[in-house]
Amino acid sequence: MAWTCTGSSNSELIDNMARRGIITEVIGDVVDGNKTDTEAAAGRIATAMKKVDRANYVRDKRDAYEDSPQSIGHGATISAPHMHAYAASHLLPYLPPGGRVLDVGSGSGYLSAVLWHLVNDPVGRKDSSVSDSKDQKPTITGIEHIPQLTEWSISNLKRDGLGDAVEKRQIEMVTGDGRLGYPPNAPYDAIHVGAAAPELPQALVDQLAPGGRMFIPIGTYMQNIYHIDKDKSGKVTKTEVMGVRYVPLTDRESQGKYV
């Protein structure tokens with residue numbers, strides 16, 4: 001079903017995912033089983049994704065609206081659009097206005113842009129666990145250990161109309177080992193990991209705010225998406241969601257093996 005969502009434009013791609021039920025798979029307290037709330041949440045995700053033109057985040061613009069993962073060089077990929085829609089759906093309850101998000105393996109910057117639009121959406125269902133009016137930390141932090149990809153992602157964001165957010169440091173793209181998170185901007189309401197870790201990185205768990213969620217693929221040959229939820233008391237729950245196939249979350253030197 002997901003692989004049939006390819007469109008001839010960014011808008012058609014998103015509309016196809018909505019028609020096929022991809023975007024309505026919202027998990028968590030945003031919906032509470034209420035059809036109206038489900039539709040509203042799906043509408044928020046579709047609106048955010050339509051604001052981010054995938055053509056600005058791929059190497060070959062001819063394939064921009066194909067619903068498939070694509071190489072962006074340096075052993076990295078941009079995930080298929082339906083996987084980005086799944087990630088946004090599963091994290092939506094944890095993306096309050098002004099919330100703080102870490103995007104590990106941010107690559108092209110595409111999902112960082114979608115997440116920025118969601119946390120800047122005036123519609124929200126709960127307060128951020130970490131933000132206050134005096135806190136000037138970025139709302140979105142993308143971390144990528146290939147410096148060329150970090151620089152490329154910044155240029156992509158600017159090309160896609162988010163230059164002001166980058167300049168004001170509302171979005172910050174940094175170079176570093178994402179397995180260690182990014183402590184300067186922690187804690188995070190939500191953490192997205194865009195590559196498969198062989199095991200759950202404890203540093204990321206530590207940087208997840210109480211009341212937050214991490215969306216992470218874990219495994220080597222057999223991989224699954226997991227929700228890592230931390231309640232207000234700090235208790236962590238790990239829930240298997242679905243089987244997937246991602247590039248490995250590894251160090252900079254090893255990544256070249258997967259080109």
Side-chain angles (χ1 to χ4, degrees), residues 27-29 76 79 84 87-88 90-107 109 111-116 118-120 124 126-147 149-150 153 165-166 169-219 224-241 246 248-252 255:
I27 308 298
D29 61 330
S79 295
H84 282 143
H90 289 231
L91 290 174
L92 186 62
Y94 305 86
L95 301 175
R100 192 174 300 146
V101 185
L102 177 65
D103 186 13
V104 175
S106 48
L111 188 60
S112 294
V114 173
L115 295 170
W116 185 87
L118 286 170
V119 298
N120 282 276
K126 64 177 184 178
D127 294 331
S128 169
S129 300
V130 298
S131 300
D132 63 52
S133 59
K134 296 181 180 179
D135 194 338
Q136 298 301 309
K137 292 181 180 180
T139 54
I140 305 296
T141 301
I143 185 165
E144 170 61 55
H145 60 200
I146 304 296
L149 288 179
T150 303
S153 70
V166 172
R169 203 168 157 263
Q170 296 168 354
I171 304 174
E172 184 173 24
M173 311 302 281
V174 300
T175 300
D177 189 339
R179 297 171 299 178
L180 304 178
Y182 193 66
N185 293 344
Y188 301 97
D189 292 295
I191 297 176
H192 168 265
V193 183
E199 57 188 24
L200 179 61
Q202 185 59 43
L204 296 183
V205 177
D206 293 342
Q207 291 171 44
L208 186 65
R213 168 173 289 178
M214 185 190 318
F215 178 95
I216 180 172
I218 300 176
N224 291 283
I225 292 291
Y226 287 87
H227 290 166
I228 309 300
D229 293 321
K230 183 182 288 187
D231 69 17
K232 293 294 185 180
S233 70
K235 180 182 177 181
V236 175
T237 303
K238 180 180 178 182
T239 305
E240 183 178 318
V241 178
Y246 277 71
L249 183 66
T250 184
D251 57 61
R252 179 179 174 183
Q255 187 163 323

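Note that these values count all heavy atoms, side chains included, but never hydrogens, waters or copies made by symmetry.
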Exercise: identify the closest heavy-atom pair between [X] and [Y]:
X: N224; Y: Y226; answer: O-CD1, 3.3 Å
X: A196; Y: Y246; answer: N-CB, 3.8 Å
X: Y188; Y: N185; answer: OH-CB, 3.3 Å
X: S153; Y: G107; answer: CB-O, 3.3 Å
X: P138; Y: E172; answer: CG-OE1, 3.3 Å

Where the side chain of [X] meets the backbone of [Y], is there a donor-acceptor pair that is under 3.5 Å apart?
X: D189; Y: R100; value: yes
X: Q207; Y: L180; value: yes
X: S106; Y: I143; value: yes
X: R213; Y: P93; value: no

Are the side chains of [Y] and [X] in contact, using a 4.5 Å heavy-atom criterion?
X: V174; Y: P184; answer: no
X: L111; Y: V114; answer: yes
X: M173; Y: S112; answer: yes
X: I218; Y: V193; answer: no

Member of I140, I171, T139 meeting the side chain to side chain contact (heavy atoms under 4.5 Å, CB included) criterion with L115: I140
Spacing of NE2 belonging to H227 relative to CD1 belonging to I216, to within rounding of 0.5 Å: 12.0 Å
Worked check of side chain to side chain contact (heavy atoms under 4.5 Å, CB included) between F215 and V241: CA-CA 10 Å; F215 178 95; V241 178; 5.8 Å; no
Derivation and outcome, side chain to side chain contact (heavy atoms under 4.5 Å, CB included), residues L204 and L102: CA-CA 9 Å; L204 296 183; L102 177 65; 4.1 Å; yes
Between T150 and T175, a side-chain donor and acceptor under 3.5 Å: yes
No-hydrogen, no-angle side-chain donor-acceptor test under 3.5 Å, D103 and H192: yes
Side chain to side chain contact (heavy atoms under 4.5 Å, CB included) evaluation trace for V205 with L200: CA-CA 8 Å; V205 177; L200 179 61; 3.6 Å; yes
